[in-house]
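See structure below.
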Amino acid sequence: MSFPLLTVTAAVPAVGAILTAAVPATRRTAAKWLALLVSLVTLVLAALVMVRFEPGGDRYQLVESHSWIKDFGVRYELGVDGIGVALIALTALLIPFVILAGWHDADPLETKSSRWRPTQGFFALILMVEAMVILSFEATDVFLFYILFEAMLIPMYFLIGGFGDRAHAGSDEHAAAQRSYAAVKFLLYNLVGGLIMLAAVIGLYVVAGNFSLTEIAEARASGRLEMATNTERLLFLGFFFAFAVKAPLWPLHTWLPNAMGEATAPVAVLITAVVDKVGTFAMLRFCLGLFPEASKWATPVIITLALISIVYGALLAVGQRDIKRLVAYASISHFGFIIMGIFAMTSQGQSGATLYMVNHGLSTAALMLVAGFLISRRGSRLIADYGGVQKVAPVLAGTFLIGGLATLSLPGLAPFVSEFLVLVGTFARYPVAGVIATTGIVLAALYTLVLYQRTMTGPVKEEVRTMPDLRVRELAVVAPLIALLIFLGVFPKPLTDIVNPAVTHTMSDVQQKDPAPEVEAAK
């Protein structure tokens, strides 16, 4: 029997979470180092998954399949394609930085509303989220994926509601109420989406007789399984609704600014750079893989919603006074690009969308974590409370600028490649949508540069005059992210080589080919 590498990659952070939670209350530092060590071991295992994956080989590799609930045809079935491998690597890479950045975020406080801040619980919850997200990228059994899709909401709920941002205007009671509101809103939105998806999962079992993604896809391709048009469309809508909430797509996005605003900066990164990617990943794997005809039927509406997300999110980002909420609305705009690329039904669009998932994770992590370091120094999230920071903390200002430039997809940084591919793929099939989407690029430049100007340039405000620059631990968080943004911006080939074969399989699922270029006939 081959070594169950996929299971071990997800099991290590799960076991690590239990061990971290069991560390005695007086040994907070030991719990932190244990969580960091576990995350680094997981990163090594994720790298091993990348090394063992053969881009030109079978669609799903490192497959594990065992009977789980035999009477209902539920199996513990895992397998990774290129898209899953890239996102597992992203998740495993970001978690050590999240842990380092949040090193002191769960230390005990004297205030009434925060008197319970168990350090061990904070880091254990982060590791548990990592385990569930990695396993969701590996699951090829629909029921197993659904369990993970819903279960990851529980640790996220406690991370948002129990360990909120300390830089909150107002009283402790008001801050606690805001955190509770954000956590409950996050949970309710995603639970509603999950319940609708559950109905669709049951419907899929009634139609197909099993939950195996590979078996259902093979049965559909061979003609052994045929779905009535209306049935397929209803099932597609059930799955897509849940994924659109998680992504998030307009108008199901409103939970994200609250959650990111009230969470600590590392948890905000966990939300938008890691957990939300499960939604867009699932659109590619399950919506297009299981319901190809319904996906094509819904494409015009989804492209329209994605365009609204792009422009609406960017416009609201321009008008924000809160740094973290600005990054949240910018993320909504970026998720619009990802979803547009997926449903453009072109190889460039889907390759770009997959790269965008990875690159958005890196750029958002860089910007949000530096913003978190900035906010922790000043004790305020309001843009108006800053000014002249680059004169007193030049390294902090410089890394903040690079993170911002990556967010606006500056050429030479990783997000540019993915955004360019998404736009090229969209123009090829939906030129009007491509033109409208480019307004998001202009607006991104506006909100990013205005944010930098108002916080980092100008006269030095008295409150920031003694602000320290980045410390060694903080540089250890930011420097590797910036290095990766530059490396993948100049040389994206390592990622495209892994992703492109998986995109070819997805295009085959929906029976789509890239439109032939329109060339004027030579005279």
Side-chain angles (χ1 to χ4, degrees), residues 53-63 77-90 136-142 145 204 212-222 225 227 232 235-236 239-240 243-244 246-247 249 277-300 302-303 306 335 337-359 418 421-426 428-430 492 495-515:
F53 182 80
E54 299 177 8
D58 295 337
R59 180 173 187 176
Y60 294 108
Q61 299 179 33
L62 306 176
V63 174
E77 192 171 82
L78 308 179
V80 287
D81 59 2
I83 299 169
V85 167
L87 293 174
I88 289 169
L90 171 69
S136 69
F137 291 142
E138 299 171 346
T140 56
D141 183 276
V142 178
F145 174 83
L204 179 66
S212 172
L213 175 67
T214 54
E215 290 183 17
I216 294 172
E218 289 172 3
R220 296 211 66 180
S222 65
L225 173 63
M227 293 187 193
E232 180 176 345
L235 294 177
F236 168 85
F239 278 81
F240 180 80
F243 304 152
K246 182 84 79 180
L249 178 68
K277 298 302 187 298
V278 176
T280 47
F281 163 80
M283 290 179 189
L284 276 166
R285 174 168 283 190
F286 295 101
C287 287
L288 271 61
L290 293 173
F291 315 110
E293 293 304 319
S295 297
K296 290 186 282 189
W297 161 76
T299 288
I302 295 172
I303 292 286
F335 275 105
F337 276 106
I338 294 171
I339 294 170
M340 184 177 71
I342 291 171
F343 285 90
M345 302 291 183
T346 59
S347 58
Q348 300 98 327
Q350 292 187 357
S351 292
T354 305
L355 291 178
Y356 214 139
M357 292 184 220
V358 176
N359 294 334
S418 44
L421 285 172
V422 166
L423 288 172
V424 168
T426 303
R429 201 179 293 278
Y430 302 102
L495 269 182
T496 56
D497 285 348
I498 293 175
V499 165
N500 286 344
V503 168
T504 301
H505 286 297
T506 305
M507 291 286 289
S508 176
D509 287 340
V510 292
Q511 299 179 349
Q512 290 278 36
K513 295 182 178 179
D514 291 331

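Along the sequence shown, residues carry numbers from 1. Because the structure is predicted, anything quoted here is derived from the model rather than measured.
Under the 4.5 Å side-chain criterion, counting only non-hydrogen atoms from C-beta, Val358 is in contact with Leu87. You'll find the side chain of Gln348 stays beyond 4.5 Å of the side chain of Val503, heavy atoms only. No side-chain heavy atom of Ile302 sits less than 4.5 Å from a side-chain heavy atom of Met283. Taking the side chain as every heavy atom from C-beta outward, Arg59 and Thr214 never approach each other to under 4.5 Å. Using a 4.5 Å heavy-atom threshold, the side chains of Glu218 and Ser212 count as separate. Using a 4.5 Å heavy-atom cutoff, the side chains of Thr280 and Tyr356 are not in contact. Counting heavy atoms from C-beta on, the side chains of His505 and Ile83 never come closer than 4.5 Å. Leu62 is not listed as a side-chain neighbour of Glu138, based on a closest heavy-atom distance of 4.5 Å or more.
Side chain of Glu232 to backbone of Ala294: a donor-acceptor contact under 3.5 angstrom is found. The backbone N or O of Glu77 sits less than 3.5 Å from a side-chain atom of Thr140, completing a donor-acceptor pair. A distance-only check finds no donor-acceptor pair linking the side chain of Thr426 to the backbone of Ala344 [under 3.5 Å].
By the salt bridge (charged side-chain N to carboxylate O under 4.0 Å, His left out) test, Asp58 is found to be paired with no residue, residues two or more places apart in sequence or in another chain being considered. Every residue meeting the ring pair (Phe, Tyr, Trp, His ring centres under 6.0 Å) condition with Phe239, not counting sequence neighbours, appears here in chain and number order: Phe291.
Note that the CG atom of Leu355 and the CD1 atom of Ile338 stand 10.5 Å from one another [nearest 0.5 Å]. How far OG of Ser136 is from CD1 of Ile88: 8.5 Å, rounded to the nearest 0.5 Å. Note that CE of Met357 and CZ of Phe335 are 9.0 Å apart. Values are rounded to the nearest 0.5 Å. The CG atom of Leu78 sits 12.5 Å away from the OH atom of Tyr60 when rounded to the nearest 0.5 Å. Atom CE in Met227 sits 6.5 Å away from atom CG in Leu290 (nearest 0.5 Å). To the nearest 0.5 Å, the span separating CD on Glu293 from CZ on Phe236 amounts to 12.0 Å.
Across every non-hydrogen atom of Asn500 and Ser351, the tightest pair is OD1-OG, 2.8 Å. For the pair Asp81 and Gly84, the tightest heavy-atom approach, listed with the atom from each and the gap, is OD1-N, 2.9 Å. Listed here is the closest heavy atom pair of Lys246 and Gly279: CG-N, 3.8 Å. In this structure, Leu288 and Leu284 approach most closely via the heavy-atom pair CB-O, 3.6 Å. When all heavy atoms are compared, the tightest approach of Ala86 to Val499 is CB-CG2, 4.3 Å. Residues Ala139 and Arg285 come closest through the heavy atom pair O-NH1, 2.9 Å.
Residues Thr506 and Gln350 have side chains that never bring a donor and an acceptor to within less than 3.5 angstrom of each other.
Aromatic ring orientation, Phe286 versus Phe243: tilted (interplanar angle from 30° to 60°).
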List the steps and the verdict of side chain to side chain contact (heavy atoms under 4.5 Å, CB included) for Arg429 and Ile303.
CA-CA 11 Å; Arg429 201 179 293 278; Ile303 292 286; over 6 Å; no
